[in-house]
Amino acid sequence: LKVVEATGGEAILPGHVYLAPGGLHMSVAAGEQGPRIALDDSAPVWGVRASADPLFRSVARQFGGEAVGVV
């Protein structure tokens, strides 16, 4: 698998692992041509930023029951 630090707006591709950049929350947003990476510097969640909570919530919204999360 290709592992990269995510950049805002990039397409989510099969076979890739995306890591949130330090100090930014990462989430999945709908795009015209498919899901995209979204990054933001909103308030920390449980004292940390990046937090998995915003990511998992956005994945659930975008993919519903087809999503699988691993911590």
Side-chain angles (χ1 to χ4, degrees):
L1 297 174
K2 182 175 181 177
V3 179
V4 297
E5 185 174 274
T7 57
E10 78 178 288
I12 298 172
L13 301 173
H16 287 66
V17 176
Y18 299 95
L19 301 176
L24 296 173
H25 292 304
M26 182 169 66
S27 60
V28 176
E32 286 185 23
Q33 298 175 358
R36 303 260 176 205
I37 299 286
L39 301 172
D40 73 81
D41 62 353
S42 59
V45 176
W46 300 107
V48 297
R49 185 180 53 222
S51 170
D53 290 20
L55 175 62
F56 286 175
R57 280 193 294 272
S58 69
V59 168
R61 277 193 304 272
Q62 294 297 319
F63 301 105
E66 295 184 20
V68 174
V70 179
V71 178

Following the transitive rule for hydrophobic clusters with a side-chain heavy-atom cut-off under 4.5 Å over Ile, Leu, Val, Met, Phe, Trp and Tyr, establish whether [X] and [Y] coincide in one cluster.
{"X": "Val28", "Y": "Val71", "value": "yes"}
{"X": "Leu13", "Y": "Leu39", "value": "yes"}
{"X": "Leu1", "Y": "Leu19", "value": "yes"}
{"X": "Leu24", "Y": "Val48", "value": "no"}

Supply the atom-to-atom distance Glu10 CD to Ile37 CD1, rounded to the nearest 0.5 angstrom.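 Answer rounded to 0.5 Å: 5.5 Å.
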Show the nearest heavy-atom pair for residues [X] and [Y], with the distance to one decimal.
{"X": "Gly9", "Y": "Arg36", "answer": "O-CD, 2.9 Å"}
{"X": "Val70", "Y": "Phe56", "answer": "O-CZ, 4.2 Å"}
{"X": "Pro54", "Y": "Val45", "answer": "CG-CG2, 4.2 Å"}

Looking at His25 and Ser51, would you say the former's side chain and the latter's main chain have a donor-acceptor pair under 3.5 Å?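 Yes; at least one donor-acceptor contact below 3.5 Å.
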For a 4.5 angstrom cut-off between non-hydrogen side-chain atoms, does Arg57 reach Ser27?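 No - every pair of side-chain heavy atoms lies 4.5 Å or more apart.
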Side chain to side chain contact (heavy atoms under 4.5 Å, CB included) with Tyr18: which of Leu55, Ile12, Thr7?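 Exactly one pass, corresponding to Ile12.
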